[in-house]
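Only heavy atoms go into these numbers, but all of them, side chains included; no hydrogens, no water, no symmetry mates.
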Amino acid sequence: MKKLKILSVLLAIGFVLTSCGKGSSSNKVTDGTTSANIEKVDSSEMFTDRDYDYSYDEAESIKITLNGDSATSDSSAVKISGSTVTITDEGTYILSGSLTDGMIIVDAEDTDKLQIVLDGVSINSSSSAAIYVKQADKVFITLAEDSENTLSNGGEYVAIDDNNIDSVIFSKSDLTLNGLGSLTITSKAGHGIVSKDDLVITSGNYDITALKHGLSANDSVRIAEGSFNITAQKDGIHAENEEDTSLGFVYIVSGSFAINSDYDGISSSGYTQINDGTFTITTGGQSDNNSSLSGSLKAIKAEGDLLIADGEFNINSIDDALHSGSNIAVNGGTFEISSGDDAFHADADLSINGGTINVTKSYEGLEAQTINISGGDITIEASDDGMNAAGGNDSSGFEGFGGQDQFNSSSNCSINISGGNIYINSYGDGIDSNGTITVSGGNTVVFGSTDGGNSAIDYDGSSATITDGTLVALGNSQMAQNFSSNSTQGSMLVTVGSYQGTEEITLTDSSGNEIISVTSVKSFNSVLVSSPEIQDGETYTLSVNGNKTQITMSGLIYGSGGMGGGFGGGGQPMGDNFGGENTQNIGGAPSGRM
């Protein structure tokens, strides 16, 4: 005997699901592509062996000693003019000491590769970059083991050539940072670290405070490992390329990230891929802040595809928590999300294939043109819809500051649930598709709106079909909808008396075996239940707080929808006089909006 036992408690505590039903997760993503057709990029394409190699031969290296307002070196490749040190040839250079107001310039051949080792360095530049890579093929900045290094800008950037230097470390060439030391960067004006090509970080500890972006690159930001504490008045990590849409991407293999940014935490004009790591991201002064900031204040944003393979994410954002101008795929990871707008928003497809997602606050939990769920444990608290499938893009920004949500077209929209454990507590529609809904697996519990203008499930398309899995949805009967008659699994929609709080709802078969047990978290007068155990011709008992009704299935669909959208949905839901013993027998009633 298949059985579903659901204990619904406060969202902060979560929910427990056990089921022996036939729901499956057969659509889980392989290592190749996701169900949103996002190509997973292998890390071997992102990093070279030398990116990872922070070793150096001290005896063979060139030493530069910084002495407050001057510097010394025995190498002819090092030019010193007052407190400005210019390195002109490839090789390995070990820096130690301090410059109170000076800078290091790399001006070598465009075929040269250089390694600069920071070994207890403190450099402040009052009016420019502390380290400026003017020309080279590639520069490696290595943090010597156990060393503590500090680079800073005094609050302005004065042009010294035709390049717009605007960060503490500024590179016109590919730039890699690695090592086993620490680096503190303070930029009172401009950014922390900028590369006009690729910015690669493979190890090290970084504490960055910047008036603008923390880390920024034109072509890509690639991080293999490291510890990052970033406070930025613009974006924490930013990659943008206006000329080549294949670039401007962010690629993170692992690392520890604490990002507090006024605008986006992680932002890319291309794609973003995160394989693993620990992320604590706060944007816009947190999700409940009535900030006067305008613009994008998202935690993780990609204009292209966004792929999350794994990781731990603790997000408090005033705008969307995870946002893509294209597709999102989540294959794993744990998420604690408080968002002033959507927890997950994709302009095209959103696919959740695994992971543990706990949304404690959102305007809408999941929003995309197409939402596909094949696995994972998902808990959503939403002030509007728990899930919303709608066409077009979201031009509204976050709820309190961007006006009405424009993400409401109905073209080619669908919600498809084939696996996973899903719990929704929403104050709009629980599951809302401007197209179709298909359920073929998983365990889904919905506590929808208490008002008559919304429903636990809502669809505008031709059908809502269930073929497998278990779904329980409680809400208001006025707009309630059942699954469509083309479903191959039994479903019953029943209007009950008005209940106000933590009521126990159970469904048992004719032998008294419990099929479903759920405890409500707020008022309701409509119950929608679908389970593989509900069979044509069988009789069941639905009990709410001890009040029972017997239901005999004459067909697979029991009870039709209410006056959804003003179009009418067939007859009214059955069981209006719910209380005490009540017997109903109905079959084959049309469901959905006509």
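- Using a 4.5 Å heavy-atom cutoff, the side chains of Asn331 and Leu307 are in contact.
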Worked check of side-chain hydrogen bond (donor to acceptor under 3.5 Å, both in side chains) between Gln500 and Ser498 | CA-CA 7 Å; Gln500 300 302 315; Ser498 180; 2.9 Å; yes
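- Side-chain atoms of Asp468 and Pro532, non-hydrogen and from C-beta on, do get closer than 4.5 Å to each other.
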Given side-chain contact (heavy atoms from CB on, under 4.5 Å), test Asp458 with Gln481 step by step and report yes or no.
-> CA-CA 6 Å; Asp458 178 17; Gln481 290 183 281; 3.1 Å; yes
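- Side-chain atoms of Asp385 and Ser426 form no donor-acceptor pair, as typed in the model, at a separation below 3.5 Å.
- Separating the CD1 atom in Ile38 from the CG atom in Asp305 is a distance of 4.0 Å, to the nearest 0.5 Å.
- For Ser268 against Val250, the heavy-atom pair with the smallest separation is CB-CG2, 3.9 Å.
- Judged by distance alone, the side chain of Ser530 and the main-chain N or O of Gly490 form a donor-acceptor pair under 3.5 Å.
- Taking both residues in full, the closest heavy atoms of Gly435 and Tyr459 are given as O-CB, 3.7 Å, listed atom of the first, atom of the second, then distance.
- The closest side-chain heavy-atom distance from Glu533 to Asp509 is not below 4.5 Å.
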side-chain contact (heavy atoms from CB on, under 4.5 Å) evaluation trace for Leu322 with Ile337 | CA-CA 9 Å; Leu322 290 93; Ile337 295 175; 3.9 Å; yes
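- Rounded to the nearest 0.5 angstrom, Asn525 CG and Ser477 OG are separated by 3.5 Å.
- In this structure, Ser269 contributes its side chain and Asn241 its backbone to a donor-acceptor pair below 3.5 Å.
- Listed by first and then second residue, the ring pair (Phe, Tyr, Trp, His ring centres under 6.0 Å) pairs that reach into residues 532-557 come to none, sequence neighbours excluded.
- Between Tyr271 and Tyr251, the gap from one ring centroid to the other reaches at least 6.0 Å.
- Judged by distance alone, the side chain of Asn425 and the main-chain N or O of Glu381 form no donor-acceptor pair under 3.5 Å.
- Side-chain contact check for Asp341 and Ser339: no donor-acceptor pair (N or O, by modelled atom type) lies under 3.5 Å.
- Across Val446 and Ala456, no two heavy atoms sit closer than the pair CG1-O, 3.7 Å.
- Taking the side chain as every heavy atom from C-beta outward, Leu366 and Ile373 approach each other to under 4.5 Å.
- With Thr283 contributing its side chain and Leu297 its backbone, the two residues share a donor-acceptor pair below 3.5 Å.
- For the atom pair NE2 of His345 and OG of Ser362, the computed distance is 13.5 Å after rounding to the nearest 0.5 Å.
- Of the N and O atoms on the side chains of Thr282 and Asn260, not one donor lies less than 3.5 Å from an acceptor on the other residue.
- In terms of modelled atom types and a separation under 3.5 Å, the side chain of Asn482 and the main chain of Tyr558 share a donor-acceptor contact.
- Here the side chain of Asp536 pairs no donor or acceptor atom with the backbone of Leu556 at under 3.5 angstrom.
- Both tests pass for Lys522 against the ring of Tyr427: distance under 6.0 Å to the centre and angle within 45° of the axis.
- In this structure, OG1 on Thr465 lies 10.0 Å from CG on Asn416, to the nearest 0.5 angstrom.
- A distance of 5.0 Å separates CZ in Phe257 from CD1 in Ile237, rounded to the nearest 0.5 Å.
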Would you check, one step at a time, whether the test side-chain contact (heavy atoms from CB on, under 4.5 Å) holds for Val496 with Phe524?
-> CA-CA 8 Å; Val496 299; Phe524 66 96; 4.0 Å; yes
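- Looking at Glu312 and Asn314, their side chains never bring a donor and an acceptor atom within 3.5 Å of each other.
- Note that the CD1 atom of Ile300 and the CZ atom of Phe344 stand 8.5 Å from one another [nearest 0.5 Å].
- Using a 4.5 Å heavy-atom cutoff, the side chains of Phe249 and Val41 are not in contact.
- A donor and an acceptor atom, one from each side chain of Ser449 and Asp451, are located under 3.5 Å apart.
- Contact detail for Asn412 and Thr370: the closest heavy-atom pair is O-OG1, 3.8 Å.
- Minimum heavy-atom separation, Gln535 to Met553: O-CB, 3.4 Å.
- No side-chain N or O of Ser491 forms a donor-acceptor pair with one of Gln489 less than 3.5 Å apart.
- Side-chain contact check for Ser517 versus Glu504: some heavy-atom pair is nearer than 4.5 Å.
- Between the side chain of Ser324 and the backbone N or O of Gly304 there is at least one donor-acceptor pair closer than 3.5 Å.
- A donor-acceptor contact closer than 3.5 angstrom links the side chains of Thr539 and Thr552.
- The two atoms that bring Ala464 and Ser487 nearest to each other are O-OG, 3.7 Å, heavy atoms only.
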Before giving the answer on side-chain contact (heavy atoms from CB on, under 4.5 Å), spell out for Ile515 and Val529 the whole-Å C-alpha distance, their side-chain angles and the decisive distance to 0.1 Å.
-> CA-CA 10 Å; Ile515 299 172; Val529 177; over 6 Å; no
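- Using a 3.5 Å distance cut-off with no hydrogens or angles, the side chains of Ser351 and Asp349 do not pair a donor with an acceptor.
- The shortest distance between side-chain heavy atoms of Phe447 and Val518 falls below 4.5 Å.
- For the pair Ser261/Asp235, no side-chain contact is recorded, criterion being any heavy-atom separation below 4.5 Å from C-beta on.
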